[in-house]
Participant: 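Before anything else, here's the structure in question.
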Amino acid sequence: MSRVVASDEAFDTQVPLVIVGAGAAGLCAALAAKEAGADPVVIERDAVPSGSTGLSAGLIPAAGTRFQRAKGIDDTPSLFAGDIQRKAHGENDAAMVELIATNAGPTIEWLADRYGFPFDIIDNFNYPGHSAFRMHGLPTRTGAELIDRLRAAAEASGVTVLTGSRVETLFAGTDGRIRGVELVRGDGGHERIGCDVLVLACNGYGGNLTLVRELIPAMADALYFGHAGNQGEAVLWGRALGAELVHLGAYQGHGSVATPHNILITWAVIMEGGIQVNAQGRRFCDESRGYSEQAAEVLQQPGGIAWNVFDDRIADVARQFEDFRNAEKGGAVLTAASLDDLAGRMHVPAAALTEEWREAERCGTSGATDRFGRSFGAAHDVVPPWHAVKVTGALFHTQGGLAVDASARVKRRDGGVFPNLCAAGGAAAGVSGETASGYLSGNGLLAATVLGRLAGLAAAHHVSAVGSIKSRSDADAAD
Ligand SMILES: Cc1cc2nc3c(=O)[nH]c(=O)nc-3n(C[C@H](O)[C@H](O)[C@H](O)COP(=O)(O)OP(=O)(O)OC[C@H]3O[C@@H](n4cnc5c(N)ncnc54)[C@H](O)[C@@H]3O)c2cc1C
């Protein structure tokens with residue numbers, strides 16, 4: 001049950017700053033706030049914080065970083081902002097895109113320099129829509145490593161994280177300020193905590209089927225591949241508070257989840273020249289536009305599945321991802337010495353598969369675009385053996401949410417902002433426009449880390465302003 005209760009009552013326990021959710025957004029907010037002198041209390045429903053962050057590939061795009069410069073990659077925040085807007089068909093708030101693109105580089109360098117995150121750049125393939133190599137990843141290329149490092153940094157910094165505690169209720173005063181929260185612990189006990197500032201970092205509503213049915217009916221029957229804790233409280237509380245909610249139909253889908261193994265197969269297999277065919281061995285669209293919109297395309301194919309088909313050179317690029325190595329170990333990747341044999345293993349017509357691959361190969365060599373308008377980029381020699389993975393389309397996370405200003409403060413539906421309520425990550429509206437096709441790779445963790453840090457800084461600033469007001473009124477009372 002998520003609700004907002006109107007109340008001006010005082011709380012037994014009062015803290016300066018509460019952050020709901022200990023994913024990338026919540027922990028970046030907590031680290032930034034702690035550095036700026038505030039003492040945050042992070043409330044997390046799981047026993048060990050993980051969230052969708054822990055399920056992700058942990059890749060964060062940023063432009064103009066020292067990691068890019070070290071590899072001679074020429075990139076700027078404005079080029080990055082242009083890519084974000086192009087992918088989102090210009091549907092984002094331009095000022096928000098600029099804010100996020102400009103702060104992404106400093107956020108990556110902050111995590112690297114202050115907390116020792118060993119980022120490097122993926123530079124042996126590029127993701128759709130990015131005009132420079134700018135995906136910053138950790139050595140294992142996993143979100144598990146990202147969340148482990150964030151958790152360790154929070155612990156080392158002395159951030160208080162109340163785990164196994166789900167926030168159910170927000171208390172809002174008659175003056176429009178948030179007064180505090182009520183949480184439910186694993187043992188069923190309830191606790192109320194008052195706060196000067198509240199940051200919502202509890203992600204979106206991908207795990208709440210009622211909201212998915214209402215807001216993204218096309219994905220209501222799709223596999224949900226995100227974290228079960230993404231139950232949409234930010235949307236529900238936002239509605240009750242009269243907050244502005246934008247782009248609620250936006251989401252990140254993925255058209256490449258191995259089935260029935262449920263392992264993410266990196267889109268590198270497509271971007272490096274692989275193709276997707278359906279159960280009839282036929283291609284059905286330009287796969288290279290993006291993996292997010294591809295989820296719905298795959299689900300529309302017979303049986304709601306497709307096959308990723310690629311050669312061994314491409315498999316080698318994919319092997320940098322632990323998920324892909326696990327997929328190979330788990331038997332999700334079929335291998336054969338010829339396309340005919342591969343088609344036999346896939347149970348698809350060999351003639352159709354061979355024809356589709358040869359057409360793609362011809363376009364790759366000649367530089368021509370294919371019948372779907374896809375261009376295959378640089379020509380490569382095909383290196384046998386061949387591989388195929390049966391995949392389906394999945395919902396990863398939602399991208400719409402609470403509209404925020406440049407300090408991550410939540411906007412009101414009737415104008416202005418809530419003075420002491422911030423949102424970041426999947427709880428806030430992202431920069432992916434209105435639909436799945438607006439999602440540029442990395443937009444999820446981009447909004448989580450960048451807005452998380454900005455929310456933490458803004459919250460700390462607010463906490464210190466409240467502290468000064470309180471000490472002034474205490475002094476006045478003493479006079
Ligand atoms: C398989 C997969 C791969 C992905 N790969 C990438 C990638 O490589 N790059 C990228 O940019 N994005 C990726 N994403 C998206 C990315 O994971 C999310 O956008 C990002 O993790 C959101 O961070 P967050 O902190 O907002 O949410 P989360 O990481 O989901 O954290 C929210 C936390 O809030 C907690 N919580 C929720 N409600 C409450 C409550 N009421 N009380 C207390 N706690 C609560 C949850 O338990 C959770 O721990 C991927 C997503 C998936 C599913």
Side-chain angles (χ1 to χ4, degrees), residues 59 61 63 73-75 79-90 121-135 252-256 265-278 280-298 300-301 306-318 320-321 339 342 352-384 386-389 391 393 432-433 435-443:
L59 303 177
I73 298 164
D74 205 13
D75 195 14
L79 194 63
F80 183 21
D83 289 347
I84 293 174
Q85 278 296 51
R86 202 167 309 107
K87 190 76 177 72
H89 326 289
I121 305 275
I122 294 197
D123 63 352
N124 55 356
F125 77 96
N126 211 352
Y127 281 90
H130 283 287
S131 52
F133 291 126
R134 58 168 77 103
M135 282 295 192
Q252 181 203 354
H254 210 298
S256 181
I265 302 297
T266 170
W267 206 238
V269 302
I270 299 300
M271 297 311 287
E272 277 298 290
I275 57 173
Q276 275 195 334
V277 297
N278 61 18
Q280 286 134 10
R282 289 290 172 200
R283 285 181 62 218
F284 43 92
C285 65
D286 171 4
E287 310 88 332
S288 70
R289 291 167 312 171
Y291 52 67
S292 182
E293 53 270 56
Q294 196 70 5
E297 296 277 3
V298 169
Q300 280 163 25
Q301 299 309 303
W307 290 90
N308 294 344
V309 179
F310 45 96
D311 71 355
D312 203 49
R313 179 191 68 79
I314 298 175
D316 243 353
V317 176
Q320 71 185 292
F321 291 91
L339 279 173
L342 190 69
L353 176 66
T354 308
E355 197 181 309
E356 294 292 5
W357 181 269
R358 296 287 173 234
E359 192 210 351
E361 210 178 322
R362 262 195 312 279
C363 290
T365 313
S366 67
T369 50
D370 69 12
R371 66 188 191 279
F372 301 109
R374 176 173 173 185
S375 155
F376 283 81
H380 293 285
D381 288 338
V382 173
V383 179
W386 311 85
H387 304 281
V389 187
V391 296
S432 301
T435 61
S437 68
Y439 186 83
L440 183 71
S441 306
N443 272 1

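These numbers come from the heavy atoms of this one structure, side chains and all, not from hydrogens, waters or symmetry mates.
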Participant: In terms of the angle between their ring planes, are Tyr291 and Tyr127 parallel, tilted or perpendicular, with boundaries placed at 30° and 60°?
Facilitator: perpendicular
Participant: Write down the atom of Ala318, the atom of Thr266, and the distance for their closest heavy-atom approach.
Facilitator: CB-CG2, 3.6 Å
Participant: For the residue pair Val298 and Gly255, what are the closest heavy atoms and their distance?
Facilitator: CG2-O, 3.8 Å
Participant: Between Phe310 and Ile270, does a side chain to side chain contact (heavy atoms under 4.5 Å, CB included) hold up when you go through it step by step?
Facilitator: CA-CA 8 Å; Phe310 45 96; Ile270 299 300; over 6 Å; no
Participant: Taking Lys87 for its side chain and Ser432 for its backbone only, find out whether a donor-acceptor pair lies under 3.5 Å.
Facilitator: no
Participant: Which value, rounded to the nearest 0.5 Å, describes the distance between Trp307 atom CH2 and Glu356 atom CD?
Facilitator: 16.0 Å
Participant: Nearest 0.5 angstrom please: His380 NE2 to Ile314 CD1, how far?
Facilitator: 8.0 Å
Participant: Let me confirm one number: the CZ-OG1 distance from Phe376 to Thr365, rounded to the nearest 0.5 Å.
Facilitator: 10.5 Å
Participant: Give a yes or no answer on whether the side chain of Asn126 reaches the backbone of His130 with a donor-acceptor pair at less than 3.5 Å.
Facilitator: yes
Participant: So, taking the atom named CG in Asn278 and the one named SG in Cys285, what distance separates them when rounded to the nearest 0.5 Å?
Facilitator: 10.0 Å
Participant: Using distance alone, with no hydrogens and no angle criterion, decide if Gln276 and Gln294 have a side-chain donor and acceptor under 3.5 Å apart.
Facilitator: yes
Participant: Under 3.5 Å, side chain of His254 to main-chain N/O of Ser256, donor-acceptor pair present?
Facilitator: yes
Participant: Do Asn443 and Gln252 pair up side chain to side chain, a donor and an acceptor below 3.5 Å, judged on atom types alone?
Facilitator: no
Participant: Count the heavy atoms belonging to other residues, nucleotides or ligands that lie under 6.0 Å from CG of Asp316, then report whether that count exceeds 12.
Facilitator: yes
Participant: For Gly442 and Pro61, which heavy atoms make the closest approach, and how far apart are they?
Facilitator: O-CD, 3.3 Å
Participant: Do Glu287 and Asn308 come within less than 4.5 Å of each other through their side chains, counting heavy atoms only?
Facilitator: no
Participant: Can you check side chain to side chain contact (heavy atoms under 4.5 Å, CB included) on Met135 and Ser441, steps first, answer last?
Facilitator: CA-CA 9 Å; Met135 282 295 192; Ser441 306; 3.3 Å; yes
Participant: Examine distances only and state if a side-chain atom of Asp312 and a backbone atom of Ala315 form a donor-acceptor pair shorter than 3.5 Å.
Facilitator: no
Participant: Taking only Lys NZ, Arg NE, NH1 and NH2, and the carboxylate oxygens of Asp or Glu, determine whether Glu361 and Arg358 approach each other closer than 4.0 Å.
Facilitator: yes
Participant: Using a strict threshold of under 4.0 Å (side-chain N to carboxylate O), is an ion pair present between Glu355 and Arg283?
Facilitator: no
Participant: Would the distance check show the side chain of Gln85 and the main-chain N or O of Gly82 forming a donor-acceptor pair, the cut-off being under 3.5 Å?
Facilitator: no
Participant: Return the CD to CZ distance between Glu272 and Phe125, rounded to the nearest 0.5 Å.
Facilitator: 7.5 Å
Participant: If you compare all heavy atoms of Ile265 against all heavy atoms of Val391, which two are closest, and at what distance to 0.1 Å?
Facilitator: CG1-CG1, 4.4 Å
Participant: List the steps, then state whether side chain to side chain contact (heavy atoms under 4.5 Å, CB included) holds for Trp357 with Leu342.
Facilitator: CA-CA 12 Å; Trp357 181 269; Leu342 190 69; over 6 Å; no
Participant: Kindly give the heavy-atom pair with the smallest separation between Asp74 and Ala132, and that separation in Å.
Facilitator: O-CB, 4.1 Å
Participant: Quick one: does Tyr439's side chain get under 4.5 Å of Ile84's, heavy atoms only?
Facilitator: no
Participant: Please tell me if the side chains of Thr369 and Arg374 come closer than 4.5 Å, counting only heavy atoms from C-beta onward.
Facilitator: no
Participant: Are any of the side-chain nitrogens in Asp381 or Arg313 under 4.0 Å away from the carboxylate oxygens of its partner?
Facilitator: no
Participant: Using distance alone, with no hydrogens and no angle criterion, decide if Asp311 and His387 have a side-chain donor and acceptor under 3.5 Å apart.
Facilitator: no
Participant: Any chance you could measure Ser292, atom OG, to Glu297, atom CD, to the nearest 0.5 Å?
Facilitator: 11.5 Å
Participant: Per the side chain to side chain contact (heavy atoms under 4.5 Å, CB included) rule, which among Ile122, Leu59, Leu79, Ile121 passes with Arg134?
Facilitator: Leu79
Participant: When you check the gap from the basic side-chain N to the acidic O, do Asp286 and Arg289 get nearer than 4.0 Å?
Facilitator: no
